[in-house]
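Written out below as structure tokens is the structure these notes cover.
Numbers restart at 1 for each chain; the letters A, B, ... are given by sequence-line order, proteins then strands.
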Amino acid sequence: MGNMLTSSFFNRKTETVARELLGKYLVRDIHGVKTNYVITETEAYIGPHDLACHASKGRTARTEVMYGKPGRMYIYFVYGMHYMLNIVTEEVGYPAAVLIRGIEGASGPGRLTKKLHIAKNLHGMTLSKKSGLWIEEGAYVSDKDILRTPRIGIEYAGDVWKNKKLRFVLKKK
DNA sequence: ACGATGATGAAC
DNA sequence: TTCATCATCGTA
């Protein structure tokens with residue numbers, strides 16, 4: 001098993017973190033039963049100026065966690081039925097996060113949280129063995145095996161931000 | 001193409 | 001307090 005990623009991994013540019021999470025293992029421990037899945041798709045949400053980032057609305061109860069320590073989970077509920085898993089990035093005080101959009105065997109942010117039983121009770125917790133959810137090192141991933149596209153479901157974000165290629169997809173072998 | 005289904009933020 | 005919107009998904 002690889003080493004567990006710690007806060008220093010996430011305390012970097014959000015775009016870099018999103019890129020480097022591809023190929024890493026998302027590990028879930030439920031009552032001692034561990035499962036791990038390769039991360040295959042991510043998106044970067046970068047700071048107060050990014051109109052697609054929830055923090056562009058300002059510092060609220062919902063977005064507060066993004067202003068905190070990198071490596072914590074930002075989990076929110078959308079469309080009345082799906083939980084989204086994000087990992088906080090960059091330094092304390094700068095609101096940014098990476099959305100985990102896909103893992104091996106579960107494509108789509110709502111599908112993977114359902115599969116791994118990830119819900120609001122993990123919101124604000126640090127990725128760690130204690131929380132039962134963490135990320136471990138994986139195999140080297142070449143740029144040739146990665147596709148970059150605009151992010152999904154953010155048509156409202158204005159011409160500049162909606163078109164930025166901040167979605168990272170690991171190509172299938 | 002569309003409905004499910006509830007939290008969120010902004011308007012009033 | 002009401003209202004439109006939403007980082008989606010399953011069914012059609």
Side-chain angles (χ1 to χ4, degrees), chain A residues 5 9-24 26 28 35 37-90 93-127 131 133-135 146-172:
Chain A
L5 303 185
F9 178 89
F10 300 98
N11 190 10
R12 295 183 294 161
K13 284 191 67 177
T14 306
E15 208 171 322
T16 303
V17 174
R19 155 68 179 83
E20 292 198 11
L21 279 175
L22 295 181
K24 303 265 187 303
L26 184 63
R28 184 74 166 120
T35 50
Y37 304 87
V38 174
I39 295 172
T40 57
E41 186 179 339
T42 60
E43 280 177 359
Y45 288 86
I46 314 175
H49 308 296
D50 177 359
L51 297 180
C53 181
H54 291 161
S56 65
K57 308 264 192 205
R59 192 165 185 157
T60 65
R62 182 202 213 186
T63 62
E64 181 62 28
V65 67
M66 280 200 279
Y67 292 79
K69 288 191 181 150
R72 287 186 183 159
M73 294 176 251
Y74 167 37
I75 294 170
Y76 66 92
F77 191 60
V78 268
Y79 297 116
M81 48 184 82
H82 304 294
Y83 290 101
M84 303 285 106
L85 171 64
N86 301 256
I87 315 301
V88 175
T89 58
E90 310 213 23
Y94 187 81
V98 170
L99 170 67
I100 309 297
R101 279 194 66 87
I103 56 177
E104 196 178 23
S107 176
R111 292 197 188 105
L112 79 88
T113 54
K114 184 176 180 188
K115 181 167 181 163
L116 298 190
H117 301 99
I118 292 165
K120 208 62 186 283
N121 58 329
L122 291 172
H123 178 72
M125 296 189 77
T126 299
L127 286 172
S131 64
L133 188 66
W134 66 93
I135 299 174
I146 294 176
L147 183 68
R148 289 189 63 154
T149 79
R151 294 168 292 180
I152 306 297
I154 53 145
E155 291 303 303
Y156 60 86
D159 289 338
V160 174
W161 287 97
K162 83 176 182 196
N163 291 317
K164 283 185 186 285
K165 294 186 174 179
L166 294 174
R167 173 171 173 250
F168 298 82
V169 183
L170 186 59
K171 293 179 190 167
K172 301 212 170 174

Under 3.5 Å: donor-acceptor pair, side chain of A:T89, backbone of A:T14 | no
Using atom types as modelled and distance alone, determine if a side-chain donor or acceptor of A:T40 lies under 3.5 Å from a backbone N or O of A:L170.
->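 It does not hold such a pair.
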Hey, are A:R28 and A:T35 close enough side-chain-wise for a donor-acceptor pair under 3.5 Å?
->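 Their side chains do not contain a donor-acceptor pair, so the 3.5 Å distance test is not met.
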Separation of atom [atom1] in [X] from atom [atom2] in [N], rounded to whole Å:
{"X": "A:E64", "N": "B:dA7", "atom1": "CD", "atom2": "P", "value": "20 Å"}
{"X": "A:Y45", "N": "C:dC6", "atom1": "OH", "atom2": "P", "value": "12 Å"}
{"X": "A:Y83", "N": "B:dG6", "atom1": "OH", "atom2": "C1'", "value": "10 Å"}
{"X": "A:M84", "N": "C:dT5", "atom1": "CE", "atom2": "C1'", "value": "15 Å"}
{"X": "A:L85", "N": "C:dA7", "atom1": "CG", "atom2": "P", "value": "16 Å"}
{"X": "A:Y156", "N": "C:dC6", "atom1": "OH", "atom2": "C1'", "value": "8 Å"}
{"X": "A:I154", "N": "C:dT8", "atom1": "CD1", "atom2": "C1'", "value": "15 Å"}
{"X": "A:Y79", "N": "B:dA4", "atom1": "OH", "atom2": "P", "value": "16 Å"}

State, with a plain yes or no, whether a side-chain heavy atom of A:L26 is found less than 4.5 Å away from one of A:L21.
->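 Counting from C-beta outward, A:L26 and A:L21 never come under 4.5 Å.
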Where along residues 99-119 of chain A does a heavy atom fall under 4.0 Å from DNA chain B?
->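 DNA chain B contact set from residues 99-119 of chain A: none.
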Pairs touching residues 100-125 of chain A that satisfy side-chain hydrogen bond (donor to acceptor under 3.5 Å, both in side chains), sequence neighbours left out |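 Checked against side-chain hydrogen bond (donor to acceptor under 3.5 Å, both in side chains) - neighbours excluded - the pairs reaching residues 100-125 of chain A are A:E41-A:R101.
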Residues in side chain to side chain contact (heavy atoms under 4.5 Å, CB included) contact with A:E15, at least two apart in sequence or another chain | A:I46, A:R148, A:L166, A:F168
Applying ring-ring contact (aromatic ring centres under 6.0 Å, His included) to A:Y83 and not counting sequence neighbours gives A:F77
Quick one: do A:I154 and A:W161 satisfy side chain to side chain contact (heavy atoms under 4.5 Å, CB included)? Show the steps, please.
-> CA-CA 9 Å; A:I154 53 145; A:W161 287 97; 5.9 Å; no
Find out whether the Lys NZ or Arg CZ of A:R151 is both under 6.0 angstrom from the six-membered ring centre of A:Y45 and within 45° of the ring's axis.
->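 Judged by the rule, A:R151 and A:Y45 form a cation-pi pair.
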cation_pi(A:R72, A:Y74) dist<6.0 Å, angle<=45 | no
Range-with-range stems for DNA chain B, at least three Watson-Crick or G-U pairs under 3.5 Å |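 In DNA chain B, stems of three or more pairs: B:1-4 with C:8-11, B:6-11 with C:1-6.
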If you count the non-hydrogen atoms of other residues, nucleotides and ligands that lie under 6.0 Å from NZ in A:K171, is the total more than 12?
-> yes
What N/O pairs connect the protein and nucleotides 8-12 of chain B at under 3.5 Å? Give each pair on its own line.
from	atom 1	to	atom 2	distance (Å)
B:dG9	OP1	A:T60	OG1	2.8

Looking at every strand, decide which applies to A:M81 at a 4.0 Å heavy-atom threshold: base, sugar-phosphate, or nothing.
-> base
